[in-house]
Every structure is written in C-alpha cells, then in structure tokens.
Amino acid sequence: MEHADLLPRDAAVQLIDADGATVVDEQYAMPGADTLLAAYRGLVEGRRINDQASALVRQGRLAVYPSSHGQEACQIGAALAMSDDDWLFPTYRDSVAVIARGVAPAEAMVLLKGDWHSGYDVREHHVAPQATPLATQLLHAVGFAYAAKQRGEDTVVIALCGDGATSEGDFHEAMNFAAVFHVPVVFFVQNNGFAISVPLSRQTAAPSLAHKAIGYGMPGRRVDGNDVAAVLAVLGEAVDRARAAGGPTLVEAHTYRMQAHTNADDDTRYRERAEVQAWVARDPLARLRAHLSDIGALTAELEAEYAAGAERIAAAMREALNTDTDIDPEDLFRFVTETRSPQLEEQWQMLRGEVERTRAAETGATAQATPGGAR
Amino acid sequence: MEHADLLPRDAAVQLIDADGATVVDEQYAMPGADTLLAAYRGLVEGRRINDQASALVRQGRLAVYPSSHGQEACQIGAALAMSDDDWLFPTYRDSVAVIARGVAPAEAMVLLKGDWHSGYDVREHHVAPQATPLATQLLHAVGFAYAAKQRGEDTVVIALCGDGATSEGDFHEAMNFAAVFHVPVVFFVQNNGFAISVPLSRQTAAPSLAHKAIGYGMPGRRVDGNDVAAVLAVLGEAVDRARAAGGPTLVEAHTYRMQAHTNADDDTRYRERAEVQAWVARDPLARLRAHLSDIGALTAELEAEYAAGAERIAAAMREALNTDTDIDPEDLFRFVTETRSPQLEEQWQMLRGEVERTRAAETGATAQATPGGAR
Amino acid sequence: MTIAHDDVRVDERSTSVSTMSMAAALNLALADAIQSDPEVVVFGEDVGALGGVFRITDGLTARFGEERCFDTPLAESGIVGTAVGMAMNGMRPVVELQFDAFALPAFEQIVSHVAKLGNRTRGVVRMPLVIRIPFGGGIGGVEHHCDSSEAYYAHTPGLTVLSPSTPQDAYSMLRAAIASPDPVVFLEPKKLYWTKGEVDTSVMAEVGTARIARDGTDVTLLAYGASVPLALEAAEVAASEGRSVQVVDIRSLSPFDDATVTAAVRATGRAVVIAEAPGYASVASEIQARVFERCFEYLEAPVRRVTGFDTPFAPPKLEHWYLPDVDRVLDAIDSLHWEDECREDES
Amino acid sequence: MTIAHDDVRVDERSTSVSTMSMAAALNLALADAIQSDPEVVVFGEDVGALGGVFRITDGLTARFGEERCFDTPLAESGIVGTAVGMAMNGMRPVVELQFDAFALPAFEQIVSHVAKLGNRTRGVVRMPLVIRIPFGGGIGGVEHHCDSSEAYYAHTPGLTVLSPSTPQDAYSMLRAAIASPDPVVFLEPKKLYWTKGEVDTSVMAEVGTARIARDGTDVTLLAYGASVPLALEAAEVAASEGRSVQVVDIRSLSPFDDATVTAAVRATGRAVVIAEAPGYASVASEIQARVFERCFEYLEAPVRRVTGFDTPFAPPKLEHWYLPDVDRVLDAIDSLHWEDECREDES
Ligand SMILES: Cc1ncc(C[n+]2csc(CCOP(=O)(O)OP(=O)(O)O)c2C)c(N)n1
Ligand SMILES: Cc1ncc(C[n+]2csc(CCOP(=O)(O)OP(=O)(O)O)c2C)c(N)n1
Ligand SMILES: [Mg+2]
Ligand SMILES: [Mg+2]
C-alpha cells in the first residue's frame with residue numbers, strides 16, 4: 001500500500017530484549033559497544049539523579065520532582081542522539097536529559113527548588129526551558145528549527161513530550177506545521193502509560209501514537225523505550241533524516257512511569273502494584289548491564305567508575321541544594337521586559353522600599369517574618 | 001497490514017463519473033433512483049439558493065455570503081444522509097445544507113443579513129448555529145452526541161468543516177474525544193482546495209486528510225465530493241456505523257470552491273482561472289442530470305418541476321430579504337444571560353432611554369440619524 | 001455563621017450543619033448536585049480515580065459511576081468544547097480545569113461559545129455549565145500553577161464569575177452555580193482549600209451578591225477569594241490600632257453587587273480593594289473605578305488598591321514578596337487621608 | 001502633522017512625507033522593516049498571495065519572496081507558537097491574526113510563553129515579536145469579527161499593547177513595535193484602515209507614550225484606536241457649545257503613560273474615558289481608576305467612561321446602538337458637575 005513507509009510497524013523496534021539478549025533487526029543496526037557503554041554510563045547517572053532528586057524532595061530541599069525513573073533510556077537516548085549544535089526542547093519530566101546535555105544538576109533543579117522559573121542558560125546548552133504547559137514547546141521547537149533551516153544551518157531539534165500531551169491541540173498544530181514546512185524536528189513521545197492518573201486507553205483509541213504521523217505526512221516510528229540501543233537507533237535514523245533535509249519524524253517510545261507523577265501524587269489511587277511490578281523486569285539499566293556484560297564490554301572496574309561518577313553528581317546535587325540560595329526579590333521586576341516602563345518602575349520602587357526596610361529591620365536585630373515588616 | 005480498515009483508499013470513492021456514467025464499486029452500492037432524484041432536486045435548489053444569495057449580496061441585501069456553489073453534492077448529501085432526529089453542526093458555508101434540513105431560507109440568512117448572530121430555532125430543526133470560529137463546532141458535535149448516547153437515544157450527529165479547519169487544534173481534540181468516547185459522530189470535511197487563499201498544499205503534507213483518521217483509531221474515507229451518489233453512500237455507511245454504536249468516522253470529500261471565499265474576496269489574486277475552469281467539467285449537477293437522464297429517471301416534467309420549486313425558494317428569499325426587518329435594539333440585552341443582573345439592567349436602561357428619545361424624535365418629525373440623537 | 005444576607009435557606013431539605021474544609025464542602029456540593037439532578041456530570045483531567053489533583057472530586061466516580069464523573073483525554077479546549085455540546089443537549093456539565101494557566105487552551109471555546117451561545121440563539125440554547133478552576137497563589141507552586149485569571153473571564157460578557165472564600169460559600173455558591181441556567185466560571189482559591197468552617201447544606205447562595213464579612217465604620221476593604229482572610233486579618237490588626245474596618249467579600253466578580261458595595265463605601269467614606277492578580281486592567285481596577293464613580297461625593301480619600309504586581313507571578317521562594325500582605329493593606333489604609341494627619345500625599 | 005511629542009525623528013534616512021491610508025502606512029512599515037532588518041519575517045493566514053484579508057501585507061511576498069512573507073496552515077496557536085520558536089532563534093516574527101476573536105486559540109501561547117519567556121529565562125531569551133490583530137467594530141462585520149480584546153492583553157504582564165489611530169502612528173508605532181526587544185500586541189482599528197493622513201517615514205514612535213491629539217482646557221477625553229476620531233468629533237461639537245475639550249490618544253495601552261495623562265487631567269479637572277470594548281474590568285476601567293487615584297484632589301467631578309455595553313458585540317444592524325457615539329460622549333461630558341449647574345446626580 002502507498003505511503004506505508006509513513007506507518008509504524010506493528011511492534012516497537014527492539015535491539016536488546018528484557019534479558020539483555022541481542023534482537024536482530026533488518027532495518028536498525030545495533031550501536032557499537034563504545035556508544036552503548038556511554039549510554040550505560042548515562043543510565044547509571046540518570047537513575048542516580050532521579051533517585052537523589054526524589055530524596056531531596058523528601059528532605060524538603062526540592063518543592064517537587066517529576067521523576068523519569070524507568071524512562072532513563074529515553075532520556076539518555078535523546079541526549080546522545082544529538083550533536084552539539086542540536087537543540088533539545090524538554091518538559092518538566094526531562095531533567096535527566098537536560099543534565100545529560102551538559103546542564104549542571106543544580107541549575108536544572110532551580111525550577112523545582114522554587115528559586116526561579118528556569119535556572120540554566122538556554123543558549124549555552126542549547127536546551128530550551130523545561131516546559132510545563134503541555135505540548136506548547138513542540139511549536140517552539142518547530143519555529144526554532146524553521147529559523148535554523150532558513151539560515152542554512154544543519155541544526156536538528158528534538159522535542160520531547162508525553163503520551164498525555166499528544167491529546168492537546170498544540171501537538172497537532174506542531175506536527176502539521178513541521179510537516180508542511182518540512183523542518184528538521186524529531187518529535188519524541190515518551191509514552192509512559194499515564195498522564196498523571198489517566199491511562200493511555202483514555203488518551204487515545206489509535207493503534208499507537210506513532211500512527212498519528214501519517215495524518216501529517218511524516219514517518220511514524222515505535223520503539224521500545226526501555227531499550228536504549230533501540231532508542232538510539234530509531235532516533236538516530238530520524239535525526240539523520242532531519243539533518244539531510246528529509247523533514248520531521250514522530251517517534252513513540254513505549255516505556256513506563258515507575259513512580260508517581262510527582263512526589264505530590266498518590267499513584268495507589270489509580271494503578272495496581274502488580275502492573276508497576278511487571279515493568280521492573282523491563283528495567284532499562286538491568287538489560288543493558290546484562291547485555292554489556294554478556295558481550296564482555298562492561299568490566300567491574302568500569303561499573304565501579306560509573307557508579308562513582310554518578311555518586312559524585314549526586315553529592316554535588318546534595319551540596320548545591322542544601323545551600324540556601326540568596327534570591328533577590330527585585331528579580332521579580334528585573335526581567336519582565338527589556339524596556340523599562342515608569343509603570344513598572346513605580347511598583348519596583350515600592351518593593352525596593354519594603355526590601356530595604358526588611359533588611360534594615362533584620363540587621364537592626366528586630367528581624368520580622370513578613371516582608372515589608374518594618375512598618 | 002493491521003488496522004488497514006481504518007485507512008482510506010488511495011482514490012476517492014466514486015459511483016457516478018464526471019460524464020454521468022455508473023462506476024461500479026465493490027463496497028458501496030449505487031443509491032436507488034428515487035434517492036437520486038430527491039438528491040437531484042436538492043442540488044437544483046441548492047444551486048439556486050447559492051446563486052440567489054450571491055445576487056442579494058450584490059444588491060446590498062446581504063452583508064456577505066460564503067457560497068457553496070460547486071459543493072452542492074456535499075451539502076445535499078449530508079442533509080439527506082441524516083434521519084429526522086439526527087443533528088447537523090454546520091459552518092458559515094453550509095447554508096444550503098441548513099436549508100435542506102428544513103430551515104427557512106430567510107431564517108438561514110439572518111446571520112448574513114446582519115440582523116442577528118443566528119436566525120433559526122436550533123431545537124426545532126436539529127441544526128446547530130452555523131459556526132464561524134473554525135473547527136470549534138466539531139467539539140460541540142462530540143459533546144452533543146455524547147449526551148445522546150448517554151441517554152440511549154440513537155441520534156447521529158454530522159459535523160461539517162473545511163480543509164483549512166482540519167489544521168486547528170480543535171479539529172484534533174474533537175476527533176480524539178469522539179474516538180475515545182466512541183460517540184455517534186460523522187466528521188464530514190469538505191475539502192474544496194482552499195482556505196480563503198491558502199491552497200491545500202500549504203494546509204497539509206499528508207497523503208489525504210482522511211489519513212488523519214487512523215491516528216485517532218477511527219475509519220477514514222475519501223469520497224468524490226461532486227458525486228452525490230458517492231457522498232450518500234459513504235456518509236450512509238458512516239451514519240449507519242455510528243447509529244449501530246460503531247463509533248465515529250472521518251469522511252473527506254474532494255470538491256472545489258467554484259467562487260471566491262465570499263463576495264468580499266478576490267480569488268484572482270491567488271488562483272488561475274484555468275484551475276477553476278477545469279472543475280466546471282466535474283460539476284455535481286451536470287453529472288447527476290446526465291446520469292438520471294441516461295437511466296431514464298429524469299423526465300423533462302420533473303426537471304421543470306424542480307426548477308420551478310427552486311425558483312419559488314429564490315423568490316421567497318428575495319421577498320424576505322428585500323423587506324427590512326424591524327430589529328429591536330433592546331435585543332442587545334435581552335438574551336445575554338437568563339438571569340438578569342442589576343449591572344446589565346442599568347446599561348439596558350440607558351439604551352432604552354436612547355431608543356425612546358430617538359423614537360420620540362422620529363415620530364416628532366425631527367428624526368435624527370444617530371442613536372440617542374434626541375439630545 | 002458566615003451565611004450572606006441575600007442567600008436563601010432552601011426548604012426542600014432539613015438543615016444540616018457541620019464543620020469541614022473548603023475542599024470537603026466543594027466535594028459535598030458536587031455530590032449533592034449529582035444526586036439531586038440526573039443531568040449533572042463532572043469531568044476533566046484526573047477527576048475520576050484520582051479524585052482530582054486537589055481531591056475535590058474524591059470518591060465521586062466510585063459513588064456515582066463513570067457516567068457521572070469521568071476522566072477525559074488531556075485537552076482543555078476539548079473538555080470545554082464537549083461540555084458546550086452536552087449543555088446544548090440537556091446536560092449540566094461541571095468541568096474541572098487543573099490550574100488557571102491550563103484553562104487558557106480553552107479560552108476560545110469559553111469566550112466565543114460558552115459566553116455567547118445563549119445570546120446567539122436568542123435564549124433558545126442556554127449554557128448551564130460550570131467551569132471550576134483552582135486559582136491564585138499562596139501554596140508555593142511553580143510557574144503556571146499560581147495565576148489569578150479572573151480578569152479574563154470577568155471582562156467577557158455572558159459569563160458569571162464566582163469565587164468563594166469560606167467553606168459555607170464554597171458549598172452554597174457551587175450549588176447555585178450548578179443550578180444556574182447561565183455559564184459560570186467558578187474560581188476556587190486553592191490556598192483556602194484546607195481551611196475549615198461550618199457548612200449548612202440547606203443554604204443556596206444568591207448569585208450576584210456580595211457578603212459583608214466584617215462590620216466596621218472607618219474604612220471598607222473590598223476583597224475576594226484568598227484576599228478575604230487577608231483583609232480580615234488586616235482588619236483585626238487595624239482594630240488593635242483603633243480603626244474600625246469593614247470587610248466586604250465581593251464573591252460575585254461578575255455580575256457585580258453595586259448596591260452592597262456602594263452602600264458600604266458611602267457609609268465609611270474610605271475603601272481599599274485587595275486582589276492577588278496583577279492590578280492593571282483587572283477586576284480590582286473595575287471595583288476601584290466603580291466605587292470611585294458611585295461614591296465620589298462620599299469619599300474622604302482616593303480609593304486605593306493592593307494587588308499583585310504587573311509582573312509574571314513569582315517563583316515559590318519569592319511568592320511572599322509578590323502577594324498582597326497585611327502590611328501592604330495597612331499601609332494602604334494609612335494613606336487614606338485620616339483627619340488626624342495632614343493631607344500631603346497627592347503629588 | 002500628528003507626530004507625538006515623545007516620538008523621535010530617526011536620522012538614518014531622509015524625511016519623506018506623503019499622504020496615505022492607515023492600511024498603506026502599515027503596509028509600508030512592514031515593507032520598510034523587512035528591508036531594513038534581515039531577521040524580520042511576516043506570516044499568518046492569507047498574508048501571502050492574497051495580501052491579507054485587509055491587504056495590509058499586500059505585495060510583500062511578491063516583492064521580498066516567500067522567505068520573508070508567507071502563509072501558514074490555518075492554526076493560530078501554531079502561528080504564535082512557531083513565532084516564539086523563531087524569536088528564540090534570532091528572528092523577528094511579525095504575525096497577523098485575522099480578527100480579534102481568531103486570536104483566542106493562541107491565547108495560551110501568548111499568555112504562558114510570549115509574555116513570560118523573557119522573564120523565565122532571566123532575559124537570556126527575548127521575544128522580539130509582534131502580533132498584529134485588526135480590532136474593533138464599525139465595519140458592519142458579523143459575529144466574531146468586531147470584538148475589542150485589548151483588556152485580555154493589557155492585563156497580561158510582559159506584553160506591550162499598542163494601538164494607533166492615525167496613519168502616522170500606524171507607521172511609526174509599527175516600526176517601533178518591530179524594533180522592540182519585547183513582545184508587542186499591535187491592535188489595528190480596522191474601522192480606520194481607510195482613513196488618510198500624512199506620514200513621515202523618518203519618525204519612529206516612542207513606545208509607552210500617549211499623544212495629545214487636541215488641546216483643550218475644560219475637560220480631557222482619554223481614548224484610543226477608533227475612539228480617537230470619535231473623541232475629536234465630540235470635542236468639535238462641544239467646542240461649538242462653548243466647551244474647550246482636550247483629547248489624549250492613549251495609544252500605548254500597556255505600559256501606560258501616567259505622566260502625560262495625569263498632567264492633562266490635573267490641568268482640566270475633568271475626564272471621560274472612551275473605548276469600544278465592554279467596560280467591565282477593561283482598559284477603560286484601568287484608565288478611569290488610575291486617573292481617579294492620581295488626580296483625586298484635582299477632580300471637579302467623577303471621571304466618567306463611555307464604553308461598549310457588557311454584552312456580546314452587536315450584529316451589524318445594531319452596531320450603531322452598541323458603539324460609543326458622539327451623543328454618549330457629550331452626555332458624559334455634560335454630567336461632569338459644571339459650575340453653571342447644580343450638582344445632584346450622585347444618588
Ligand atoms: C496545558 C496543560 N494542561 C494540564 C497540565 C497539568 N499536567 C501536568 S503534567 C500532566 C500529565 C501529563 O502527562 P504526559 O503528557 O503523559 O506526560 P508525563 O507526565 O507522563 O511525562 C498534566 C495533566 C499542564 N501542565 N498543562
Ligand atoms: C479560528 C478561526 N481562524 C480564522 C478564521 C477566519 N477564516 C474564516 S473562513 C477561513 C478559511 C476556512 O477554510 P476552510 O476550513 O477550508 O473552509 P472553506 O471556507 O473553504 O469552506 C478563515 C481563515 C476563522 N473563522 N476562525
Ligand atoms: Mg505520560
Ligand atoms: Mg476550504
């Protein structure tokens with residue numbers, strides 16, 4: 001049938017099965033051992049970051065953390081599939097991918113700590129701010145890629161979203177604009193089975209999310225999202241196509257959100273423990289460890305080295321987050337617009353007065369709890 | 001391949017070709033001669049309504065008219081595919097379908113005449129107000145069908161939109177909600193090649209608009225939108241499926257907007273005359289007339305009867321629209337909310353005063369042009 | 001008891017008073033509405049098994065079934081748009097949008113249809129639907145979780161906009177909203193979800209009316225939502241400083257209760273409007289302008305307002321610098337040209 | 001000439017004055033911006049071959065190519081969302097949304113991203129984009145084609161909201177908007193598209209400033225967009241009745257030029273605000289409230305406003321009953337407690 005190349009296969013692409021065994025695929029080659037080792041290191045670090053961040057929430061050092069525990073193969077796969085000049089458009093759940101792209105963990109956590117709305121220099125790292133309003137960032141990715149294409153740059157953009165986000169109108173508009181304008185974007189949907197409490201079955205009646213691609217005239221692909229080798233291969237193909245001016249691709253990864261939506265969520269209300277338990281056996285780390293051990297690439301020394309590296313990252317996170325940052329209240333006004341208006345200056349002035357009175361009161365040893373408390 | 005039943009065929013379904021010859025289709029049967037005669041009568045009336053309305057615009061009796069000249073097979077096909085209890089959710093371009101469902105032409109023209117935002121009793125005719133904000137009505141159709149389904153009624157809803165409207169986020173959300181909730185809606189897209197000046201190629205890169213259906217898990221169908229027999233057959237199948245609790249269908253009709261977007265538009269700016277001319281040969285009336293004559297169903301008497309009927313409708317339209325309706329300015333306040341607030345009463349009171357002063361001034365033979373002019 | 005003067009005790013059922021949180025009162029209102037009207041349906045994101053991210057719909061699906069309370073796909077325009085269609089077909093949808101900022105994708109449906117369909121159809125089609133939105137700050141939420149969008153809705157003709165500040169009003173006003181033939185945007189001050197108070201379930205609120213939350217003779221504070229307890233707190237402090245402060249809970253943001261507010265401010269001659277939202281072109285500006293215009297001859301001093309800054313909402317760590325607080329309210333009161341001071345601040 | 005006091009004559013080019021319609025002035029501004037800055041791109045629905053439904057982009061594609069002016073798929077959130085991404089990547093998008101009501105699908109992108117990205121990234125990412133929207137009534141358009149949505153944008157922190165009322169300002173303000181590092185919602189009063197005036201293309205407007213459109217000493221009319229010519233007309237009639245009426249063209253709806261407006265009203269002691277949009281919680285209420293608060297001691301009478309009703313916009317045949325008109329403005333002026341009359345209207 002015509003256009004069949006746009007349709008995903010019935011089964012997700014897998015290169016390493018849940019036991020670590022190689023799966024031979026006619027279309028997608030197994031990445032080399034070095035690549036897989038680098039990916040494994042990323043998975044170890046990513047898992048450690050997830051678990052450290054969750055611990056920091058329990059200790060009250062982070063306001064909230066949407067963990068990607070269980071989705072690390074997607075996170076690391078996305079980060080490694082990109083070149084240095086490529087751009088990532090992540091969501092709130094993609095802190096591990098953001099960090100894997102080079103952002104310091106403490107900077108990646110600024111949003112979740114509550115210090116500011118975003119904490120890293122997006123231009124330095126080529127990582128857009130983590131988006132909260134669902135699917136909105138997909139359009140930004142399209143526009144960004146459009147500008148790059150117009151300038152003749154060979155930048156590729158990877159835009160991340162979840163299964164739930166595919167239901168939003170912005171998802172549709174982003175896919176369509178990308179296809180019509182033929183821009184170098186890879187849409188990477190991490191289908192982790194849930195949008196907070198809502199299961200995939202309530203999100204779509206389609207054979208798969210990747211089947212949406214043909215409706216835009218772009219290729220759709222399904223990949224085992226817990227198999228980093230497959231993720232790298234499928235994203236790699238899509239990134240190559242984009243870079244070669246072949247247009248956008250929609251890639252759906254089948255994975256699972258192993259923890260609650262965030263620490264504030266109680267997932268016992270809406271899913272069986274047995275379901276969660278069943279996914280433990282498909283853990284992305286375990287299978288890659290098994291595979292790399294089987295092929296003799298992962299030695300005990302390397303394993304120890306990776307663990308130590310991950311531990312260092314975790315220690316740095318703890319240190320950074322256990323220190324209270326001094327946030328200047330005047331930042332509320334500093335960045336609203338580049339042009340300063342008398343209207344805002346007037347309000348800023350009022351705040352400045354309150355801040356000064358509060359500081360004076362504090363240093364005057366009559367510290368008060370409320371701002372402007374020097375009344 | 002799996003789910004192939006959800007994909008449309010590569011070519012649109014056609015039962016009568018442009019010359020009026022029968023096309024045998026394995027899946028879709030040719031409607032009976034009586035049905036085709038009724039459809040032909042509808043086409044004749046629809047064409048007359050379109051052309052009369054356009055004339056009334058030129059005469060300044062209508063503010064604007066988005067003509068469906070050339071799309072009458074879709075308009076009449078949709079209206080005839082429905083049972084009395086079914087509901088239609090039309091757009092601004094679907095006046096002919098609205099009238100074919102039983103709305104008086106003069107009532108259907110209230111919006112375009114500028115008297116009010118909608119002029120017919122939606123409950124009496126089972127026709128929602130003609131929607132202007134694109135694709136928004138598709139969601140209303142889904143909600144409406146949901147309520148009917150919950151109550152166990154066997155109402156089917158046909159929701160109309162254009163090719164341009166498929167790019168809107170609301171199109172996506174409506175398709176998805178319909179599929180997930182498995183409601184009895186038929187989405188009927190009249191792909192007339194243009195969204196004002198923008199051609200389909202700028203609207204989508206998909207093999208067809210009907211290919212979007214599989215991304216929602218519903219069947220997609222393509223039909224020759226200038227072949228009313230095919231439209232009736234394909235919509236009929238979809239309506240039957242919906243009524244039998246088989247869920248929604250997306251039907252794309254390939255047709256052509258023979259005139260400018262509205263009278264206010266100048267289509268010479270963006271399309272070649274030759275392109276328009278090429279579609280004359282595919283006219284929905286001519287081919288059905290040829291077919292019905294060929295099979296001996298259409299006699300000269302019938303033809304004359306239909307023409308006379310269409311002429312009566314046109315005359316009634318002229319009469320209704322040449323009469324200036326007396327519109328009460330207080331209607332501005334009368335329907336805003338059912339509960340009346342002192343806040344609105346206060347403003348209403350002001351307007352009432354102005355109206356009374358103006359009327360008094362007018363009857364006092366000192367009529368003034370401006371409202372409140374009795375100052 | 002905090003029952004407003006205009007509210008009515010519905011006779012159909014016996015009085016039942018108990019103490020509960022605002023969240024529980026809202027939950028009870030939904031349950032009672034579902035039970036008493038077969039056309040009421042509750043839906044949105046995560047309102048089913050989870051009971052909503054704030055648990056306002058807790059237990060409704062379990063108790064009344066999927067037909068009466070259910071989850072939708074994740075699409076706010078879809079939620080409101082289907083609600084419009086259901087309302088056209090006889091249902092009374094009560095939808096939840098998860099946070100203020102996540103109501104924005106539904107804005108076109110709300111403005112172009114929810115607000116206008118009744119008018120468009122000359123009253124043939126009414127829109128008896130309720131859009132519930134947890135609104136405002138004060139809970140340390142990250143960006144997009146703490147906005148106050150009431151101005152967008154209040155400015156839109158055709159919408160009724162309500163916000164309760166007590167468990168009693170939460171119950172009585174939500175029942176009234178669901179019973180209303182007109183569309184209601186129901187803004188729930190999320191900061192107050194866990195504050196407790198007595199609730200008399202036999203009371204149905206009168207839409208469009210304000211509530212005198214505290215009597216006072218020197219100055220009137222006009223507030224709604226989470227700013228009402230703030231106003232009461234400021235009034236308490238001011239009382240200790242010798243000023244008698246009246247507090248009016250606006251609670252109906254649109255339509256506006258001019259009668260109550262005008263009478264209140266004319267009596268005291270001084271007023272301060274308090275709201276969390278950015279002040280510019282806001283509900284607070286409207287109240288300020290109305291009061292000014294209607295009480296001009298009675299005012300001892302300009303009406304002041306204490307609002308959020310005209311900046312995006314603050315990150316959690318700076319939230320307390322952004323939100324109106326007692327000191328700012330007291331400062332505003334102090335600026336109201338008291339006889340014991342010389343007037344000199346009009347420069 | 002109607003060049004505002006604060007506007008600057010840009011030296012880079014020689015003065016060139018000619019008479020043209022506002023539509024032509026906007027078209028010229030776009031062309032000049034495209035020509036002078038390689039990062040400027042114009043896009044939206046029907047802006048290419050058609051030149052826009054109001055022909056504001058007429059000829060741009062033909063002259064500068066598809067790269068600089070092009071049609072998009074029909075999706076407003078898509079248009080604004082991709083513009084955000086382009087702006088992140090160094091472009092200066094100028095997008096057209098076809099009518100006020102059709103900007104609403106983009107509302108989430110505008111409020112949650114366009115307005116906030118600069119703040120979110122601590123100024124690292126700026127949003128130098130312009131959203132052009134033909135706004136207001138007066139052209140006999142059917143439902144959804146005549147709204148005035150400025151309040152939604154003006155209330156949103158982070159957005160600059162501008163509206164010209166003369167061909168000169170149309171040119172100078174659009175150039176300034178495109179040059180601005182901050183996002184601008186540019187509201188074009190469609191009723192004035194075909195009014196003509198002189199345009200000096202060497203003038204760049206100063207964002208954030210109002211313009212004194214007519215001098216006067218008895219009362220100040222504060223207006224913007226299509227209400228400015230209305231105010232001038234009313235001033236003319238009032239003059240014939242012996243009243244000297246000042247007219248201020250607000251033109252920068254956000255930020256607001258308090259300095260000019262406060263000085264103007266303090267001088268006359270009387271003010272009327274005029275706007276087409278529904279008055280409730282609007283830009284008009286903001287102006288009224290600000291003027292009240294800042295000019296309280298100087299006011300001879302309450303500030304009045306003449307606005308659209310708090311109802312959906314009228315159908316074409318009733319439009320003239322909906323829109324502010326000269327008589328309503330004159331009535332408002334008459335109500336301003338003139339010394340020659342007894343004050344008795346404050347009941
Ligand atoms: C427009 C919008 N609506 C609602 C929300 C609230 N919300 C945050 S995350 C979430 C679920 C998202 O699910 P999914 O896209 O599958 O991503 P996941 O969290 O599983 O990674 C919801 C409803 C939001 N952030 N944005
Ligand atoms: C949300 C929205 N955006 C823009 C418009 C302005 N507009 C009216 S009709 C139209 C083109 C629609 O094209 P299509 O959907 O193909 O329908 P057709 O007019 O061809 O029947 C546009 C852009 C609108 N009505 N609603
Ligand atoms: Mg998910
Ligand atoms: Mg079309």
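Reckoned from all heavy atoms, side chains included, excluding hydrogens, waters and symmetry mates.
Contacts between A:Ala178 and chain D at a heavy-atom distance below 4.5 Å are absent for every atom of the residue. Contact of D:Ala75 with chain A is made through backbone and side chain together, with heavy-atom distances under 4.5 Å. Of the atoms belonging to A:Val180, it is side-chain heavy atoms, and not backbone ones, that fall under 4.5 Å from chain D. Proximity to chain A involves both the backbone and the side chain of D:Ser77, based on heavy atoms less than 4.5 angstrom apart. Using a 4.5 Å cut-off between heavy atoms, D:Leu117 contacts chain A through its side chain alone, with no backbone atom that close.
When each of A:Leu332, A:Asp170, A:Val142 is checked for heavy-atom pairs under 4.5 Å with chain D, A:Asp170 comes out on top. Top candidate by heavy-atom pairs under 4.5 Å with chain D, chosen from A:Val336, A:Thr337, A:Asp121, is A:Thr337.
In this structure, D:Phe43 has its ring center no closer than 6.0 Å to that of A:Tyr146.
Distance alone, capped at 3.5 Å, places no donor-acceptor pair between the A:Trp116 side chain and the D:Thr121 backbone. Of the possible donor and acceptor atoms, one in the side chain of D:Asp182 sits under 3.5 Å from a partner among the backbone N and O of A:Thr339.
Going from atom CZ of A:Arg151 over to atom CD of D:Glu67 covers 14.5 Å, rounded to the nearest 0.5 Å.
Of residues 98-110 of chain D, those residues with a non-hydrogen atom less than 4.5 Å from any non-hydrogen atom of chain A are, in numerical order, D:Glu108, D:Gln109.
Contact annotation: the side chain of A:Gln150 approaches that of D:Met91 to within less than 4.5 Å [non-hydrogen atoms, C-beta and beyond].
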